[in-house]
Asks: 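Got a structure for you, questions after.
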There are 2 protein chains.
Amino acid sequence: MTFSVAATATAATAAAMATIVPPPAPTATRTHESRAAEPVTGRCAGCSARSKGLCGALTTGDLPDLSAASRPLDLLSATPVVMEGEEATAVFTVMSGMLKLYKTLPDGRQQITGFATAGDVIGLAVGTGYAYTAETVTASTVCRMSRTALHRLMERHPAVQGRLLAMTSVELSAAQDQILLLGCKTAMERVSSFLLALSRRSRPLADGTPSVFLPMPKVDIGAYLGLRPETLSRVLRKLEEAGAITRLSNDRIRIENPAALEATA
Amino acid sequence: MTFSVAATATAATAAAMATIVPPPAPTATRTHESRAAEPVTGRCAGCSARSKGLCGALTTGDLPDLSAASRPLDLLSATPVVMEGEEATAVFTVMSGMLKLYKTLPDGRQQITGFATAGDVIGLAVGTGYAYTAETVTASTVCRMSRTALHRLMERHPAVQGRLLAMTSVELSAAQDQILLLGCKTAMERVSSFLLALSRRSRPLADGTPSVFLPMPKVDIGAYLGLRPETLSRVLRKLEEAGAITRLSNDRIRIENPAALEATA
DNA sequence: CGGACGATTGACCTGGTTCAAAAGCGGTGG
DNA sequence: CCACCGCTTTTGAACCAGGTCAATCGTCCG
């Protein structure tokens, strides 16, 4: 899923399946496993996002279907992947890197609705056009699957549709949390919520202190939180003065006092 | 779906199905139709929301399943239906009336994430607890279905899961539009967007002029748009002075100049 | 070393909030 | 039928959180 400041990350997709998705029907075992040596099978089998996103809904025996339907792409940073309003012909699974998803107003104002990382699926569309623009913020690898291939995959493997429902539900919940953040919270509360959410989904430093990695420019964080970069900068300074965080570098922050952040969030 | 200022309403669910949902598998025709005279069948058959929400995914022959699984409830206004955080044991389809869905911060601030009207399904949960509180704003009728019954229904009728995915996708898109509204737009733009969205989904007056019905108090509209009721009142006055709208009564507004609203939204 | 771009800081401004009061507007009961 | 009461809506005036504008500072790269 694309992350939100309040999403509880890792186990969320599984949890969603447990609650609104029917128990997975026993997937018919196919005979493709004997062809496991095929390069096309091997590609998905060795994929780092294998267990995530849509692909996690499939068993090893289904990998040939998956490999045949999808194609990996390596992208530099600042590369658009889908454009808001364009005809939605494919979906993309993020294998590595980070993308930003945003909507644009006619006068150019932009609102980032989420950031996508490994395992997230982007480009699912309601209607014919993409609902948002997706663009890499770091060099990334994504896996392209045409819309028709996705439909065929869902027909052959009902679990894929269930997974898609689970993922969409998690996204919806995250979007509602973001609505709460944007509608109610102060700048300080927004930044604290954001840092806490990131720290939950990222690994602590060697010494065990929680930390967050912010590969995107500050202006993008601002566009996500509904704040100007100047405001973001001022709030981060206040948090640092209060001893809640330390700026290790421009793109890494150490959380010194999670409780203090929790209190202001 | 619960509505958002930018959702294109009526045909949206069907459109979503066309794009991310596989073509409906030919539903096995059952023999229950011969028992159509049963009272339990008749209840759903005569339901005004019959063709909407989850129920629209089922054919007439499946109505006994539906009737057996669900139970209608008449509710007064200001009645809570589901509470944020409580264990999610059931879902509810709105048959008539209007509900507000909101999230609450520890200090009491509330953000309304949407209003639900006939056909909308509320209470779909990610995890074990409801993600929001739902409360009637007018006297309403809702139809209760336990979560286990919903799971059984999805197992027996795959089209129900497809419909659920389509509805969730439409909700997600609406939520992202609301994020754009709350993150970027001015008070004037928010109110204009809101009125336009409502006018698209409501019937014009007898003389053909578009109008909107606002059964909820102004404070709720404000909580939805991220504004105080005072600000809302001032913006409405400005729109009226500009000749874009006319206040017919406290809960009804006539849109005099949709183009003017479009321009400010 | 120089130039470009992102991040930061300061000073000022403003849209929207807050606080307070008045005005509508149903309902209720005499 | 009207007087009263409680609540929502509206209006006014002062305030402030965050935005805007402009200058400075890093830092990364060629």
Side-chain angles (χ1 to χ4, degrees), chain A residues 76-78 100 105 107-112 137-139 181-195 212-241 245-253 264-265, chain B residues 76-78 100 105 107-112 137-139 181-195 212-241 245-253 264-265:
Chain A
L76 297 176
S77 63
K100 62 177 174 181
L105 250 24
D107 68 357
R109 281 172 288 174
Q110 295 187 339
Q111 175 66 36
I112 293 182
V137 301
T138 65
L181 179 142
L182 293 171
C184 289
K185 296 189 183 179
T186 65
M188 180 69 81
E189 290 165 344
R190 293 180 198 196
V191 175
S192 298
S193 302
F194 177 69
L195 292 176
V212 300
F213 175 48
L214 303 165
M216 67 295 268
K218 296 276 180 291
V219 65
D220 284 349
I221 300 176
Y224 177 62
L225 297 177
L227 301 172
R228 304 289 131 178
E230 295 95 327
T231 304
L232 183 60
S233 176
R234 286 183 245 270
V235 170
L236 288 175
R237 177 156 55 91
K238 269 196 186 154
L239 285 174
E240 191 159 27
E241 285 168 2
I245 63 171
T246 304
R247 256 93 72 79
L248 301 177
S249 68
N250 188 39
D251 60 4
R252 182 161 290 282
I253 289 178
T264 66
Chain B
L76 297 176
S77 64
K100 63 177 174 182
L105 250 24
D107 67 357
R109 281 174 287 176
Q110 295 187 339
Q111 175 66 36
I112 293 183
V137 302
T138 66
L181 179 142
L182 293 171
C184 289
K185 296 190 184 180
T186 65
M188 179 68 79
E189 292 166 343
R190 293 180 198 196
V191 175
S192 298
S193 302
F194 177 69
L195 292 176
V212 299
F213 176 48
L214 303 165
M216 67 293 269
K218 297 276 179 289
V219 65
D220 283 350
I221 301 177
Y224 178 61
L225 298 177
L227 301 172
R228 306 286 128 179
E230 294 96 326
T231 304
L232 183 61
S233 176
R234 287 184 244 270
V235 169
L236 288 175
R237 176 155 57 91
K238 270 195 186 155
L239 285 174
E240 190 159 28
E241 285 167 2
I245 63 172
T246 305
R247 256 91 72 80
L248 302 176
S249 68
N250 188 38
D251 60 6
R252 183 161 288 281
I253 289 178
T264 65

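By convention in this document, chain letters (A, B, ...) are assigned in the order of the sequence lines, proteins followed by strands, and residues within each chain are numbered from 1.
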Asks: Expressed as a whole number of angstroms, how long is the span from B:L227:CG to C:dT18:P?
Replies: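 Rounding to the nearest Å, CG of B:L227 and P of C:dT18 are 12 Å apart.
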Asks: I need the CG-P distance between B:L236 and D:dT8, as an integer number of Å.
Replies: 17 Å
Asks: Does a side-chain N or O from A:R247 land closer than 4.0 Å to OP1 or OP2 of C:dT8, or not?
Replies: yes
Asks: Could you give the CG-to-C1' distance, from B:L225 to C:dG16, as a whole number of Å?
Replies: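 Taking CG of B:L225 and C1' of C:dG16, I get 14 Å after rounding.
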Asks: Can you tell me if A:Q110 uses its side chain to pair, donor with acceptor, with the backbone of A:L105 under 3.5 Å?
Replies: no
Asks: May I have the distance from A:E230 (atom CD) to D:dG18 (atom C1'), rounded to whole angstrom?
Replies: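 Interatomic distance, CD of A:E230 to C1' of D:dG18: 10 Å.
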Asks: Measure the distance from CZ on B:R109 to P on C:dT18 and round it to the nearest whole Å.
Replies: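 Between P of C:dT18 and CZ of B:R109: 10 Å.
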Asks: How is B:L232 classified with respect to the nucleic acid when contacts are heavy atoms under 4.0 Å: base, sugar-phosphate, or nothing?
Replies: nothing
Asks: Considering just the side-chain nitrogens and oxygens of B:T186, establish if one lies under 4.0 Å of OP1 or OP2 belonging to C:dG15.
Replies: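 Answer is no, no contact under 4.0 Å.
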Asks: Are B:V191 and B:L227 packed together at the side-chain level, in the sense that at least one heavy-atom pair is separated by less than 4.5 angstrom?
Replies: yes
Asks: Which part of the nucleic acid, if any, lies within reach of B:G222 when heavy atoms closer than 4.0 Å are counted: base, sugar-phosphate only, or nothing?
Replies: nothing
Asks: Are A:E230 and A:R234 within salt-bridge range, i.e. N to O under 4.0 Å?
Replies: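 No salt bridge links A:E230 with A:R234.
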Asks: Rounded off to whole Å, could you give me the CG-to-P distance for the A:D251 and C:dT8 pair?
Replies: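 So the two atoms are 12 Å apart, to the nearest Å.
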Asks: Report the nucleotide, chosen from D:dT9, C:dT9, D:dG12, that has the shortest atom-to-atom distance to any side-chain atom of B:N250.
Replies: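 The nucleotide sitting nearest to the side chain is D:dT9.
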Asks: Below 3.5 Å, does any donor atom in the side chain of A:R228 face an acceptor in the base of C:dT8, or the other way round?
Replies: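 For A:R228, whose side chain was compared with the base of C:dT8, there is no donor-acceptor pair (under 3.5 Å).
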Asks: D:dG18 P sits how many Å from B:L182 CG, rounded?
Replies: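 Going from B:L182 (CG) to D:dG18 (P), I get 15 Å.
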Asks: For C:dT8, does OP1 or OP2 lie under 4.0 Å from any side-chain N or O of A:S233?
Replies: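 Yes, because at least one side-chain N or O of A:S233 sits under 4.0 Å from OP1 or OP2 of C:dT8.
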Asks: Choose from C:dT9, D:dA13, D:dT10 the nucleotide whose nearest atom is closest to any side-chain atom of B:R234.
Replies: D:dA13
Asks: Consider the side chain of B:A187, meaning its heavy atoms from C-beta on, and name the nucleotide among C:dG10, C:dC19, C:dG16 that approaches it most closely.
Replies: C:dG16
Asks: To the nearest Å, how far apart are A:R190 CZ and D:dG18 P?
Replies: 7 Å
Asks: Tell me if a side-chain donor or acceptor on B:K218 pairs with a main-chain N or O of B:N250 at a distance below 3.5 Å.
Replies: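 Side chain of B:K218 to backbone of B:N250, a donor-acceptor pair under 3.5 Å: yes, one is there.
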Asks: Of all the choices, C:dA7, C:dT9, C:dT17, which nucleotide is nearest to the side chain of A:K218 once you look at every atom?
Replies: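 Nearest to the side chain of A:K218 among the choices is C:dA7.
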Asks: Kindly indicate whether the side chain of B:V219, heavy atoms from C-beta on, has any atom under 4.5 Å from the side chain of B:P229.
Replies: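 Yes, side chains in contact.
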Asks: Among the candidates C:dA7, C:dT18, D:dA22, find the nucleotide nearest to the side-chain atoms of A:P217.
Replies: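 The answer is C:dA7, which lies nearest to the side chain.
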